Amino acid sequence: MRCRAQQLRITAVDQATGGWGHINLDDVRVGLDKAPDPGLEGLAAYWDFSEDQGTATTERVSQSADPISYVFNNAVYKPNSGPLWRPKRQEDGVLSGALLFDGYSTWVTRAASQTQIPTDGMTVEAWVAPRAFEWGDEGKPSAVVNQQDKAAHRGFSLGVGRHGVWQFGIGTGDAWYETAVPQSAALAAGKWAHLAGVFAPSEGTITLYLNGEQVAQTAIPTTASLAKADVPLLIGRHNQPAIINGTFAVNMFNGLIDEVKVHPSALTSQSVRASHEHDVQTFAGGSIPEARMAMDRSRYDGDRYRPGYHFTAPNHWMNEPHAPIQVNGKYHLFYQHNSHGPYWHNISWGEAVSEDLVHWRDLPVALAPTAGSVAPDGVWSGGSTLDENGVPVLLFTAGNDSQRPNQAVGLARPVDPATRTSSNGRCTRPW
């Protein structure tokens, strides 16, 4: 039914007596407006990334579309292609159809004027599945969601640092208060995790929760009040990133992000746990789903300059193929690889396997810089051989900047010596 060119009369009656006053009217409904979504109650902002396609994502409280930056939205040497949406699967519950952030060119922007950030308490929630971890240039984390000017002690930031150690910070105008988790609560590459950062000045705390459980807490003054930063709210990109090679912004998230929520109050531990349990109940069997984010070569379809015969990495940077070895009739090739973008920086070992040296199948990253190993700061050139039992091993240059010299020789063995298909991603011991 449409009601055009018809009069609508609204009568407001003030029954107060004595003195002077006025009447404020807000949110007037005539019975045809869409009813409020009870799932949005108590939220300042909410991105559920349910679009499945396109170059914008809707913030559900305001119903406004926020643009998604992506390198191939306006491609140069190939046809345009949109951001990397994950296909929807019912068994993934609230994590169905997440957005994949490629580590160097994908982020969501919401204008500063559109954000309403509370000052006397807030909670930021997000589900994340990091594909890899950045170096942490200038000591800055890879931002999950932030609206910050840390130098001016303003705004907030939820991000992931080196080796999966994540943190939450708040600026009060005169100070920056930050809480980070211990290594025992660090994120695991390739797995979903639910993060929550709670700024509760009335309690004098900033508290972090991983999958509904408290993992860190820092005391703050009970007089603390958040000072809003006059910069855009960004998902996946740091407000003030380090720039390398004069071109590439780092401190960007690499992996899946979904269910980003900003609450205008400090949630209790019971509320955070309940929020996590609510989401888990939407998953098939009540188990957190697999994080599906393997690098897809089809991203470059139509690229006139991409090699058609020479081996290339599935995405991002590659240099120096090395350590070729034949095991059980299959050829394995390793190479220097940066999982975060098309530039040399945070180096790991990519891996591919072939039965004929012509057709190659990509395998997960074989070795990556790992906390508590001989190579926390880099996995560089090396070779391969068979040990005395015929088990393949990888010998590599292990980077550790806490030592001088900062290079040693590391040894890595397969996860499963029986299959001998891939190395274990950890640098097991120096020589």
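All residue numbers refer to positions in the sequence shown, counting from 1. All of these numbers come straight from a predicted model, not from anything done at the bench.
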Any [X] side-chain heavy atom under 4.5 Å of [Y] side chain:
X    : Y    : value
D120 : S225 : no
V198 : E203 : no
Q147 : K228 : yes
F101 : V128 : no
L100 : R131 : yes
Y343 : V250 : yes
Q116 : P264 : no
W176 : R154 : no

For [Y], is there an ion pair with [X] - N to carboxylate O distance below 4.0 angstrom?
X    : Y    : value
R89  : D92  : yes
D258 : R86  : no
K140 : E138 : yes
R297 : D303 : no

- Item | Any pair counted as salt bridge (Lys or Arg N to Asp or Glu O under 4.0 Å), so long as it reaches residues 50-73, sequence neighbours left out |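 Listed by first then second residue: D48-R60, E51-R60, E59-R110, D66-R110.
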
- Task: Using the ring pair (Phe, Tyr, Trp, His ring centres under 6.0 Å) rule, pick out the option among F283, W47, F49 that qualifies with W127.
- Result: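 The residue from F283, W47, F49 that satisfies ring pair (Phe, Tyr, Trp, His ring centres under 6.0 Å) with W127 turns out to be F283.
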
- Item | Partner of H322 under ring pair (Phe, Tyr, Trp, His ring centres under 6.0 Å), chosen from W349, Y335, F334 |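 When ring pair (Phe, Tyr, Trp, His ring centres under 6.0 Å) is applied between H322 and each of W349, Y335, F334, only W349 qualifies.
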
Could you check whether any side-chain N or O of [X] sits under 3.5 Å from a backbone N or O of [Y], counting only pairs where one atom can act as donor and the other as acceptor?
X    : Y    : answer
T172 : A175 : yes
N239 : S157 : no
D377 : D401 : yes
N211 : H194 : yes
N80  : A75  : yes
D296 : S298 : yes
S348 : H337 : yes
S384 : A323 : yes
H332 : Q326 : no

So, for [X] and [Y], which heavy atoms are closest and what is the spacing to 0.1 Å?
X    : Y    : answer
P232 : T109 : CB-CG2, 4.0 Å
S275 : E125 : OG-OE1, 2.7 Å
P392 : I325 : CB-CD1, 4.0 Å
V165 : V181 : CG1-O, 3.3 Å
F156 : V145 : CE1-O, 4.1 Å
L210 : L195 : CD1-CD2, 3.8 Å

Return the [atom1] to [atom2] distance between [X] and [Y], rounded to the nearest 0.5 Å.
X    : Y    : atom1 : atom2 : value
F133 : S142 : CZ    : OG    : 9.0 Å
S105 : R237 : OG    : CZ    : 10.0 Å
L99  : W107 : CG    : CH2   : 13.0 Å
N254 : H316 : CG    : NE2   : 5.5 Å
R292 : L256 : CZ    : CG    : 8.5 Å
N315 : R299 : CG    : CZ    : 5.0 Å

- Message: Check for me whether K78 meets the cation-pi criterion with F72, that is, NZ or CZ under 6.0 Å from the six-membered ring centre and within 45 degrees of the ring axis.
- Response: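 Satisfied, under 6.0 Å and within 45°.
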
- Item | Chi angles and distances behind the side-chain hydrogen bond (donor to acceptor under 3.5 Å, both in side chains) call for Q167, E178 | CA-CA 7 Å; Q167 57 198 68; E178 195 166 76; 3.3 Å; yes

- Results of ring pair (Phe, Tyr, Trp, His ring centres under 6.0 Å) for Y309 - residues two or more places apart only: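 Result, ring pair (Phe, Tyr, Trp, His ring centres under 6.0 Å) vs Y309: none returned.
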
- side chain to side chain contact (heavy atoms under 4.5 Å, CB included) between L363 and R361, intermediate numbers included: CA-CA 6 Å; L363 295 178; R361 177 169 57 90; 3.4 Å; yes

A quick test of your reading: do over 12 heavy atoms of other residues, nucleotides or ligands sit less than 6.0 Å from [atom1] of [X]?
X    : atom1 : result
D230 : CG    : no
Y77  : OH    : no
K191 : NZ    : no

Verify the distance criterion only: is there a donor paired with an acceptor across the side chains of [X] and [Y] at less than 3.5 Å?
X    : Y    : answer
N251 : E134 : no
T247 : N245 : no
S381 : E320 : yes

- Below 6.0 angstrom between ring centroids: does that apply to H340 and F248?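 Judged by ring-centre distance (under 6.0 Å), H340 and F248 do not meet the cut-off.
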
- Message: For I170 and I206: C-alpha separation, side-chain torsions, deciding distance, then whether side chain to side chain contact (heavy atoms under 4.5 Å, CB included) applies.
- Response: CA-CA 9 Å; I170 293 288; I206 294 177; 4.2 Å; yes

- Give the intermediate values and the outcome of side chain to side chain contact (heavy atoms under 4.5 Å, CB included) for residues I117 and M122. CA-CA 8 Å; I117 304 299; M122 70 179 301; 4.2 Å; yes

- Carefully, step by step, assess N146 and L158 under the rule side chain to side chain contact (heavy atoms under 4.5 Å, CB included). CA-CA 6 Å; N146 68 154; L158 177 68; over 6 Å; no

- Message: Taking side chain to side chain donor-acceptor pair (under 3.5 Å) as the definition, give me every residue that meets it alongside T179, ordered by chain and number, with sequence neighbours left out.
- Response: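 For T179 the side chain to side chain donor-acceptor pair (under 3.5 Å) partners, ignoring immediate neighbours, are T218.
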
- Under the side-chain hydrogen bond (donor to acceptor under 3.5 Å, both in side chains) rule, what do Q148 and H238 come out as? Steps first, then yes or no, please. CA-CA 8 Å; Q148 64 169 317; H238 200 287; 3.2 Å; yes

- Message: side-chain hydrogen bond (donor to acceptor under 3.5 Å, both in side chains), that's the test. Do S354 and D356 meet it? Break it down for me.
- Response: CA-CA 6 Å; S354 173; D356 59 9; 3.1 Å; yes

